[in-house]
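Okay, structure first, notes after.
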Amino acid sequence: MQAYHVADSSGLIKLDAMENPYTFPAVLKEQWLAELKQLELNRYPNPQAAELKKIFQQAFSLSPKLELMFGNGSDELIQLLVMAIAKPNASILTVTPSFSMYKLIAEYVGVNVVEVPLQQDCFALQMDMLEKEIHEHQPAVIFLACPNNPTGTLWSHDQVEEIIKQATGLVVIDEAYSPFAAYSMMSLVERYPHALMMRTVSKMGLAGLRLGWMLGDGQWMDELNKIRLPYNINALTQASATIALQNITVFDQQAKQICQQREVLSNALHAIDNIKVFPSEANFILFKVLSGTADSVYQNLLDNKIIIKNVSNNDLLENCLRVTVGTEEENQAFIRALSSAFS
Ligand SMILES: Cc1ncc(COP(=O)(O)O)c(C=O)c1O
């Protein structure tokens, strides 16, 4: 195995990790610091993050029938889910290309991974193949990122519902990019007890807090709680997320701004010859280099002090790069450097 590699981005315009480019407004920062001052760091944090759960239920109008659980980023929730089902011959199913953590965690926990390729060039779900693989392998968990990373695709409600109906185990709908997507699959989680919703505060503007959340039937949450470490959400994160969620409109507004910038960035990319741009429902855009290679374009951008993500190591993503939507100035700098790479 190799450790998960995070590229060094010091001194660079950072458009590689789907972070929100905006920080807390000054007023909110004052409120936040005042709250942090009162924390007693000599004490362990609340083991269930009980107050934070209430704030989440209000901020996202969550169904009172469903239970919440937090993780140190959704990465930890994925790890908990995979550890919970790990036994000889157990498998998870995911599509490819998709978020790499599903596969990585399953591999290091020793769980089989069934990967169903997306359709070439449009990244649609191959429903027949999915149904066949579900019946053959009976995966204990199916992970579906909606919208998908790194393609930006948002599958239809009907297709996701069909997968839930076919599933013989859990279906985890990972809505990490929900702040930027046209619709959510939340109603499916309310209707099907074996469907769980996973989200994170990372993409909405709080990546540094490391806080993911999962929502689903209480019986599943009780089981997962048995293997969750008791104080997995630290006191600083609990207090900071409370302040942030009490001011959720600030983050909704930032998400709107990012969606507007996504449109501007996508139009600018379309105007450049030699690349193919894919539609996105997330805060990033996938594009394919049609003349030259993704490696050389990536390096060219790095030479211009801009870092994006080279995702061309997947068969279906040959010569593809993924750029995160940044501020207007960052996006313009990126477009200038990209255009010059082709001139
Ligand atoms: C689809 C998807 N799910 C989950 C995550 C991880 O989020 P977190 O920062 O909460 O661990 C990512 C991060 O890029 C992602 O793309």
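As the structure lists them, so they are numbered: ligands from 1, and atoms in each ligand from 1. Residue numbers run from 1 in the order of the sequence given.
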Among residues at least two apart in sequence or on other chains, which ones pass ring pair (Phe, Tyr, Trp, His ring centres under 6.0 Å) with Tyr183? none
Those residues that, when tested against Trp220, pass ring pair (Phe, Tyr, Trp, His ring centres under 6.0 Å) (two or more places apart): none
Please tell me whether [X] and [Y] have a donor and an acceptor in their side chains that are separated by less than 3.5 angstrom.
X	Y	answer
Asp295	Gln299	no
Trp32	Ser240	yes
Ser10	Asp8	yes

Residues with a heavy atom under 4.0 Å from ligand 1, by chain and number, are Met18, Gly73, Ser74, Asp75, Phe99, Tyr102, Ala145, Asn149, Asp174, Ala176, Tyr177, Thr200, Ser202, Lys203, Arg210
Residues in salt bridge (charged side-chain N to carboxylate O under 4.0 Å, His left out) with Arg191, at least two apart? Glu161
